[in-house]
Colleague: 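Quick one: the structure is below, questions incoming.
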Amino acid sequence: MPIYTPPLRDMQFVMHEVFQVADEFKALPKHADVDVDTINAVLEEAGKFASGVVFPLNISGDEEGCTLDKATHEVTPPQGFKEAYAQFVEGGWAALSCDPGYGGQGLPFVLNQCLYEMLNSANQAWTMYPGLSHGAYEALHAHGTEEQKRLYLPKLTNGEWTGTMCLTEAHCGTDLGLLRTKAEPVPGAPEGTYALTGNKIFISAGEHNMASNIVHLVLARLPDAPAGSKGISLFAVPKFKVNADGSLGERNPIYCGGLEHKMGIHGNATAQINIDGATGTLVGQPHKGLAAMFVMMNAARLGVGNQSLGLTEVAYQNALAYAKDRIQMRSLSGTKDKSKPADPIIVHPDVRRMLLTAKAYAEGGRALATYCAILIDKEVHHPDEKVRKDSAELVALLTPIVKAFLTDNGWTATTLCQQVFGGHGYIKEWGMEQFVRDARINMIYEGTNGIQALDLLGRKILGNNGASLKKFGKLVAALVQEEGVNEKMAEFINPLAGLADQMTKFTTELGFKGLQNPDEVGAAAVDYLRVAGHLVFGYFFARMAQVALREVAAAESQGKPADPFYQAKLQTARFYFAKLFPETATLMRTARAGAASLMDTDAALA
């Protein structure tokens with residue numbers, strides 16, 4: 001059976017020693033009193049809930065799946081899911097980082113990020129139910145009318161209701177400009193009230209009995225809508241209509257018509273939603289629905305990266321434990337354990353390569369995800385407008401990297417960890433094949449990783465002439481200047497500085513080629529995103545190594561042995577720069593290969 005231990009020590013290291021979050025919070029009036037002890041206490045209790053309540057339901061939930069009653073359109077999640085959700089609500093976890101004005105606890109978003117990493121390690125399918133609700137909360141908080149906020153936000157905040165986002169239709173996925181769901185004004189109803197008709201597919205947590213109501217955020221077209229993405233509006237469409245006093249009214253005709261039979265995340269209800277004249281209210285301005293929905297979509301993209309981070313961590317923990325216990329052959333460099341007929345497989349170089357790859361991807365991903373969450377806290381709450389603007393710009397730049405780089409890495413890591421188990425990794429009882437199956441969806445939904453790459457290179461970088469990339473480059477340059485003469489940091493700083501120097505020329509070159517032929521951007525984008533991902537990971541690994549070296553030196557100066565945690569951090573950073581970071585050289589070469597080898601292939605693809 002799989003195991004899971006919340007990585008509290010590494011979370012605390014990233015938050016307190018690398019990013020000094022408590023000091024950051026002192027500049028945010030709403031979070032100025034959130035100190036180290038408060039953060040650690042919240043993380044510890046979150047870890048207990050994730051490992052003790054949600055994790056035991058992971059395998060059983062995968063085996064049982066969800067059940068649809070076609071007569072009533074009701075969905076029953078796996079056994080124990082509803083009870084675990086009730087404990088989640090009772091513990092106040094749904095309200096952790098929500099606005100106190102609507103009953104939230106008002107704690108920093110970065111704590112929510114850490115909570116959800118642990119929940120995703122424990123049970124991604126279960127975690128998607130409250131995770132999507134938080135995104136719906138964010139969208140309504142940013143763009144809802146005062147009436148919508150009054151009706152919906154308190155119940156979404158406390159978890160009594162859940163939320164979804166209904167975008168995809170059978171004939172259109174990422175290209176939302178093709179959607180057909182329509183919304184027509186309801187005669188005699190209050191202004192902003194519409195009847196919606198259409199069909200949506202792939203709606204995660206789209207129907208269940210874990211909460212008394214589900215607030216669907218639905219994209220649809222008004223009768224006078226222009227064609228394409230400029231004609232899309234957003235609507236709040238509850239499963240049960242909501243009376244003026246907040247009580248539940250009659251059932252709205254928005255139903256689950258079927259459940260998808262999926263490769264993974266079996267415990268989550270991925271629903272086909274049929275909308276037959278359901279009553280909804282307009283969120284934001286007419287024909288501006290994508291702008292409002294992007295609040296939820298961007299939150300979801302960060303959340304999906306977090307899902308793969310969680311799976312990477314739990315897969316690594318299980319593979320490491322197995323590698324220490326499983327004996328197979330003798331070490332190439334001589335017997336390591338004479339008391340046994342063979343050595344533990346952890347002595348073999350290739351097993352260590354697989355384990356260290358997963359460990360590096362987990363620790364680099366945790367640093368990046370934590371940093372983005374801190375940026376969001378600053379974007380929302382910092383009193384200085386320039387800090388808010390700079391934070392928002394960096395989050396926008398890093399969001400496609402979080403979504404695509406972390407999910408690509410998560411697929412690689414879970415597959416490698418399965419490989420550590422050999423044949424046992426293919427057998428269900430060990431749990432590894434479920435981590436692989438669950439990880440695969442994360443590369444697909446909330447915009448496939450190819451779309452994220454186009455967003456990064458085409459919109460976030462070339463779209464503003466590299467201004468956002470230069471902003472991140474200044475962070476790298478400052479670290480290089482600070483540590484450039486430190487010989488002990490050379491193995492981390494030199495490769496990082498080298499890639500940073502190449503990045504400007506690399507980006508400019510692709511930009512010029514794209515002006516001549518836009519397909520050049522499309523051909524290079526996926527490779528480019530991985531290069532950018534390594535630049536970001538390299539920066540954070542160098543910062544983590546900087547802290548670890550400082551702590552090792554401090555211990556040595558006092559004649560004490562260094563904390564093994566810091567030695568482990570340095571060894572992981574060395575592995576990353578030696579074995580994973582050099583991928584950038586190949587990626588830049590393939591990105592520069594151009595579009596011709598892809599597009600001049602009509603005969604090959606005939």
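We number each residue from 1, following the sequence as shown.
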Colleague: To the closest 0.5 Å, what do you measure between CD (Glu487) and CD1 (Ile493)?
Modeller: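 Going from the CD atom of Glu487 to the CD1 atom of Ile493 covers 13.5 Å.
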Colleague: Any idea how Tyr576 and Phe537 line up, ring-wise: parallel (<30°), tilted (30 to 60°), or perpendicular (>60°)?
Modeller: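 Tyr576 and Phe537: tilted rings.
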Colleague: If only atom types and distance count, is the side chain of Asn318 paired as donor or acceptor with the main-chain N or O of Val314 below 3.5 Å?
Modeller: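 Checking the backbone N and O of Val314 against the side chain of Asn318, a donor-acceptor pair under 3.5 Å is found.
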Colleague: How long is the span from the CD atom in Gln124 to the CZ atom in Arg437, to the nearest 0.5 Å?
Modeller: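 One finds 11.5 Å between CD of Gln124 and CZ of Arg437.
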Colleague: Under the criterion ring-ring contact (aromatic ring centres under 6.0 Å, His included), I'd like the reasoning laid out for Tyr371 against Phe540: C-alpha separation, chi angles, the key distance, then a yes or no.
Modeller: CA-CA 9 Å; Tyr371 181 73; Phe540 289 122; 5.1 Å; yes
Colleague: Say whether, by atom type as modelled, one donor and one acceptor occur between the side chain of His134 and the main chain of Gly163 under 3.5 angstrom.
Modeller: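 Answer holds: no.
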Colleague: With a sphere of 6.0 Å drawn around OH of Tyr426, does it hold more than 12 non-hydrogen atoms of other residues, nucleotides or ligands?
Modeller: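 Result for OH/Tyr426: open.
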Colleague: Can the positive tip of Arg9 be found less than 6.0 Å from the middle of the six-membered ring of Tyr566, inside 45° of the ring normal?
Modeller: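 Checked: cation-pi criterion met.
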Colleague: Between the side chain of Lys569 and the main-chain N/O of Phe541, is any donor-acceptor distance below 3.5 Å?
Modeller: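 Not at all, since once roles are kept as given, no pair shorter than 3.5 Å links the two residues.
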Colleague: Quick test of your reading of the model: are Glu363 and Lys359 salt-bridged, counting only N-O distances below 4.0 Å?
Modeller: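 Salt bridge: yes.
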Colleague: Going by side chain to side chain contact (heavy atoms under 4.5 Å, CB included), Tyr528 matches just one of Leu587, Thr507, Val521. Which one?
Modeller: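 Going through Leu587, Thr507, Val521 one by one, the side chain to side chain contact (heavy atoms under 4.5 Å, CB included) with Tyr528 is satisfied by Thr507 alone.
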Colleague: Is Lys378 paired with Asp390 through a side-chain N to carboxylate O contact shorter than 4.0 Å?
Modeller: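 Judged by the 4.0 Å cut-off on N to carboxylate O distance, Asp390 and Lys378 do not form a salt bridge.
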Colleague: Under 6.0 Å between the ring centres of Phe25 and His381?
Modeller: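 For Phe25 and His381, the ring centres are not under 6.0 Å apart.
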Colleague: Contact between Glu24 and Phe19 at the side-chain level, heavy atoms closer than 4.5 Å - yes or no?
Modeller: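 A side-chain contact under 4.5 Å is absent here.
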Colleague: Side chain to side chain contact (heavy atoms under 4.5 Å, CB included) between Met443 and Thr448: does it pass, once the steps are laid out?
Modeller: CA-CA 6 Å; Met443 302 158 75; Thr448 63; over 6 Å; no
Colleague: Any sub-3.5 Å donor-acceptor pair from Lys513's side-chain atoms to Arg592's backbone N or O?
Modeller: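 Checked: pair present.
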Colleague: Run the ring-ring contact (aromatic ring centres under 6.0 Å, His included) test on Tyr539 and Phe472 for me, step by step, so that the C-alpha distance in whole Å, both residues' side-chain angles and the decisive distance to 0.1 Å come before the verdict.
Modeller: CA-CA 10 Å; Tyr539 170 71; Phe472 187 83; 5.4 Å; yes
Colleague: Asn409 side chain to Tyr361 main-chain N or O, any donor-acceptor pair under 3.5 Å?
Modeller: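 A pair under 3.5 Å: no.
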Colleague: State the OG1-OH distance between Thr164 and Tyr129, to the nearest 0.5 angstrom.
Modeller: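 One finds 12.0 Å between OG1 of Thr164 and OH of Tyr129.
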Colleague: Do the non-hydrogen side-chain atoms of Asn58 and Tyr4 ever get within less than 4.5 Å of each other?
Modeller: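 No, their side chains stay 4.5 Å or more apart.
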Colleague: Do Asp377 side-chain atoms and Val110 backbone N/O form a donor-acceptor pair below 3.5 Å?
Modeller: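 Such a contact is found between Asp377 side chain and Val110 backbone.
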Colleague: Roughly how far apart are Asp408 CG and Ile401 CD1, rounded to 0.5 Å?
Modeller: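 So the gap between those two atoms works out to 12.0 Å.
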Colleague: Quick check: does any side chain N or O of Gln113 sit under 3.5 Å from a backbone N or O of Arg366, one acting as donor and the other as acceptor?
Modeller: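 Checked: no pair found.
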Colleague: Heavy-atom count check: over 12 atoms from other residues, nucleotides or ligands less than 6.0 Å from Glu17 CD?
Modeller: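 Counting other residues, nucleotides and ligands, CD of Glu17 exceeds 12 neighbours.
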Colleague: Roughly how far, to the nearest 0.5 Å, is the SG atom of Cys372 from the CD atom of Glu379?
Modeller: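 Reported value, rounded in 0.5 Å steps: 11.0 Å.
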Colleague: Between Glu393 and Lys389, does any NZ, NE, NH1 or NH2 come within less than 4.0 Å of an OD or OE carboxylate oxygen?
Modeller: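 Answer for the salt bridge query: no.
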Colleague: Output the distance between atom CE (Met297) and atom CE (Met165), rounded to the nearest 0.5 Å.
Modeller: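 If I round to the nearest 0.5 Å, the distance is 6.5 Å.
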Colleague: Ignoring hydrogens and angles, tell me if any N or O in the side chain of Asn268 forms a donor-acceptor pair with the backbone of Ala125 under 3.5 Å.
Modeller: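 Yes; at least one donor-acceptor contact below 3.5 Å.
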Colleague: Given Glu483 and Gln546, is the side-chain hydrogen bond (donor to acceptor under 3.5 Å, both in side chains) satisfied, shown in steps?
Modeller: CA-CA 8 Å; Glu483 295 288 357; Gln546 180 187 40; 2.7 Å; yes
Colleague: Any ion pair linking Asp527 and Arg589 (charged N to carboxylate O, less than 4.0 Å)?
Modeller: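 Between Asp527 and Arg589 there is no salt bridge, as every charged N stays at least 4.0 Å from the carboxylate O atoms.
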Colleague: Got a donor-acceptor contact below 3.5 angstrom from the Asn465 side chain to the Ala467 backbone?
Modeller: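 Pair absent, no side-chain N/O of Asn465 close to backbone of Ala467.
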Colleague: Just by distance, do the side chain of Gln317 and the backbone of Ile3 share a donor-acceptor pair under 3.5 Å?
Modeller: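 No; zero donor-acceptor contacts below 3.5 Å.
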